[in-house]
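Shown next, in C-alpha cells, is the structure this report addresses.
Numbers restart at 1 for each chain; the letters A, B, ... are given by sequence-line order, proteins then strands.
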2 protein chains.
Amino acid sequence: MKESVRTLQKVKACPIEYVLAVNDTLNVISGKWKLPIIGTLLYEKKRFGEIQRNIGKITPRMLSKELKELEINGIIVRKVFDSVPVVVEYELTPSAQALGSVLDTMVAWGLQHREQVIKNNQESA
Amino acid sequence: MKESVRTLQKVKACPIEYVLAVNDTLNVISGKWKLPIIGTLLYEKKRFGEIQRNIGKITPRMLSKELKELEINGIIVRKVFDSVPVVVEYELTPSAQALGSVLDTMVAWGLQHREQVIKNNQESA
DNA sequence: CCGGATCCGACAGGATACTG
DNA sequence: CAGTATCCTGTCGGATCCGG
C-alpha cells in the first residue's frame, strides 16, 4: 500500500474495513497511468505494444511497472504465448470491469460540482 | 491540476468532459490528507487546531497547504473571526458533503473486489 | 516484441523552528 | 491560535540504453 493513501481516518462513523476498501479503490485508480491503461483495456484485451501505442506517451518502463502492479492487485490478467517472437496479452478481470460504477459516480459528482462552483462564482460577481 | 492525474484518456467512449470530471474528483480525494480532513469536517465545522488534533499526525505546514487547496477547489469554506486571539473556522460546502455517494461506491467496489480476490486465491490453492 | 537496468529531475510530504 | 519559513527525504515518473 502506498504511503500517500494510507492514513485515511474517521471518515464518518465508518468501520475500519470501509476505510481499507476506499484505499484499495484509490490505489487502483490513482496515479498517472492506471486509468488510461484500464480504459484502453475496457474495449478488449491487448498486447504490450498495442497498449503503449494506444495511450501515446508512456514509456515501456512505466507501462511495465503499472501493468505489474495492476496484476498484483487483481485488476488485469497477463497471458504469455510461447511463440517466436513472444506474444503477451493483457486482459481486465471482471472486478476491474465493475469499476465502471465507481467512475460513473465520480463523473456525476465532478459535473455537479463544476456546476455548483460556476453558480457560486456568478453570485459573487 | 496535478500532473499525476492529468492524462486520463479514452476511458470507454466518454466525452472529454467526463474525463475532466473524473480528474476533478480524483484531485479532491487523492493524496494523504484530503480525505481525513473532509472526514473530520463531515461531523461539524472545526477550527485549525481542532482539525490538527483530530487527524493526529499532520504538521501545520501540510494542514495549511491542504486546506488552501480544498478551499480553492470549492470543497471547504474558511471563515475568519476578528477576535483576539484570532479564530478561524473551516466548513464543508454542500458539494463536499455530496462526496458521500462517491465514497459509498468506492467502499462497495473495494469490498466486492477483496471478496473476489480471496475467492480466486482459494481456487488456485 | 517485451520488457529490464540505470540515471535523473520534480514534487509530495516530514521535521523543526519561528511569527502576528 | 493559526499559521510561515527552511531544510530534508522518499517516491513518482521520464529518458536512454541494453537483453532475451
Side-chain angles (χ1 to χ4, degrees), chain A residues 1-9 23 26-38 40-41 45-73 76-91, chain B residues 1-9 23 26-38 40-41 45-73 76-91:
Chain A
M1 172 111 47
K2 285 201 298 190
E3 175 72 10
S4 59
V5 283
R6 196 203 51 191
T7 324
L8 180 60
Q9 297 172 318
N23 280 330
L26 271 169
N27 284 332
V28 162
I29 63 178
S30 47
K32 185 170 180 177
W33 299 116
K34 301 257 172 48
L35 271 181
I37 291 171
I38 293 173
T40 194
L41 289 178
K45 56 187 170 188
K46 287 196 175 71
R47 297 168 56 181
F48 191 92
E50 292 182 288
I51 301 175
Q52 191 178 1
R53 279 187 300 277
N54 237 285
I55 293 189
K57 303 258 175 199
I58 191 171
T59 61
R61 188 183 89 89
M62 285 311 295
L63 183 52
S64 172
K65 186 186 149 219
E66 301 285 303
L67 287 172
K68 214 171 289 179
E69 283 181 34
L70 290 172
E71 190 190 2
I72 290 174
N73 285 319
I76 63 177
V77 175
R78 181 176 185 265
K79 283 179 188 161
V80 182
F81 297 87
D82 230 355
S83 52
V84 178
V86 63
V87 168
V88 184
E89 277 183 358
Y90 295 91
E91 184 178 4
Chain B
M1 172 112 48
K2 286 199 302 191
E3 175 73 9
S4 59
V5 283
R6 198 203 50 190
T7 324
L8 180 59
Q9 299 170 317
N23 280 330
L26 235 29
N27 283 333
V28 162
I29 62 178
S30 48
K32 185 170 180 178
W33 299 115
K34 300 255 171 53
L35 271 182
I37 291 171
I38 294 173
T40 194
L41 288 178
K45 56 187 170 189
K46 290 197 173 71
R47 297 167 56 179
F48 192 91
E50 292 181 286
I51 301 175
Q52 192 178 0
R53 279 189 299 278
N54 238 285
I55 293 189
K57 303 262 175 193
I58 191 172
T59 62
R61 189 183 91 87
M62 284 312 295
L63 183 53
S64 173
K65 185 186 149 220
E66 301 285 303
L67 287 172
K68 216 170 287 179
E69 284 181 33
L70 289 172
E71 190 189 4
I72 289 173
N73 286 320
I76 62 179
V77 175
R78 181 175 185 267
K79 284 179 187 160
V80 183
F81 298 88
D82 230 356
S83 52
V84 179
V86 63
V87 168
V88 182
E89 275 183 359
Y90 294 91
E91 185 178 4

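A salt bridge links A:Glu91 with A:Lys79: at least one charged nitrogen is closer than 4.0 Å to a carboxylate oxygen. The residues B:Lys46 and B:Glu89 are annotated as not salt-bridged, no charged nitrogen and carboxylate oxygen being separated by less than 4.0 angstrom.
B:Phe81 comes within 4.0 angstrom of nothing in the nucleic acid, heavy atoms only.
Atom C1' of nucleotide D:dG3 and atom CD of B:Glu89 are separated by 16 Å, given to the nearest angstrom. What separates CG of B:Asn27 from P of C:dC11 is a distance of 15 Å, to the nearest Å. Note: CD (B:Glu50) to P (D:dG3) measures 13 Å, nearest angstrom. Taking atom CZ of residue B:Arg78 and atom P of nucleotide D:dA2, one finds them 10 Å apart after rounding to whole Å. For the pair A:Arg47 CZ and C:dC1 P, the interatomic distance rounds to 7 Å; values are reported in whole Å. Distance CG (B:Leu26) to C1' (C:dA12): 16 Å, rounded to an integer number of Å. Distance, A:Lys32 NZ to C:dA12 P: 13 Å, rounded to whole Å. Distance, A:Lys34 NZ to D:dG13 C1': 11 Å, rounded to whole Å.
An end-to-end axis angle of 40° holds for the helix from C:dC1-D:dG20 to C:dG20-D:dC1, taken from five base pairs per end and rounded to 10°.
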query = Under the side-chain contact (heavy atoms from CB on, under 4.5 Å) criterion, do B:Ile37 and B:Leu63 qualify, and how do the steps go?
reply = CA-CA 8 Å; B:Ile37 291 171; B:Leu63 183 53; 3.7 Å; yes
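A heavy atom lying under 4.0 Å from DNA chain C marks the following residues of residues 58-68 of chain A, by number: A:Pro60, A:Arg61, A:Ser64, A:Lys68.
Residue B:Tyr90 places none of its side-chain N or O atoms closer than 4.0 Å to OP1 or OP2 of D:dC1.
Under a 3.5 Å cut-off, the side chain of B:Glu69 and the backbone N or O of B:Glu66 do not form any donor-acceptor pair.
For the atom pair A:Asn73 CG and A:Asn27 CG, the distance stands at 7.0 Å (nearest 0.5 Å).
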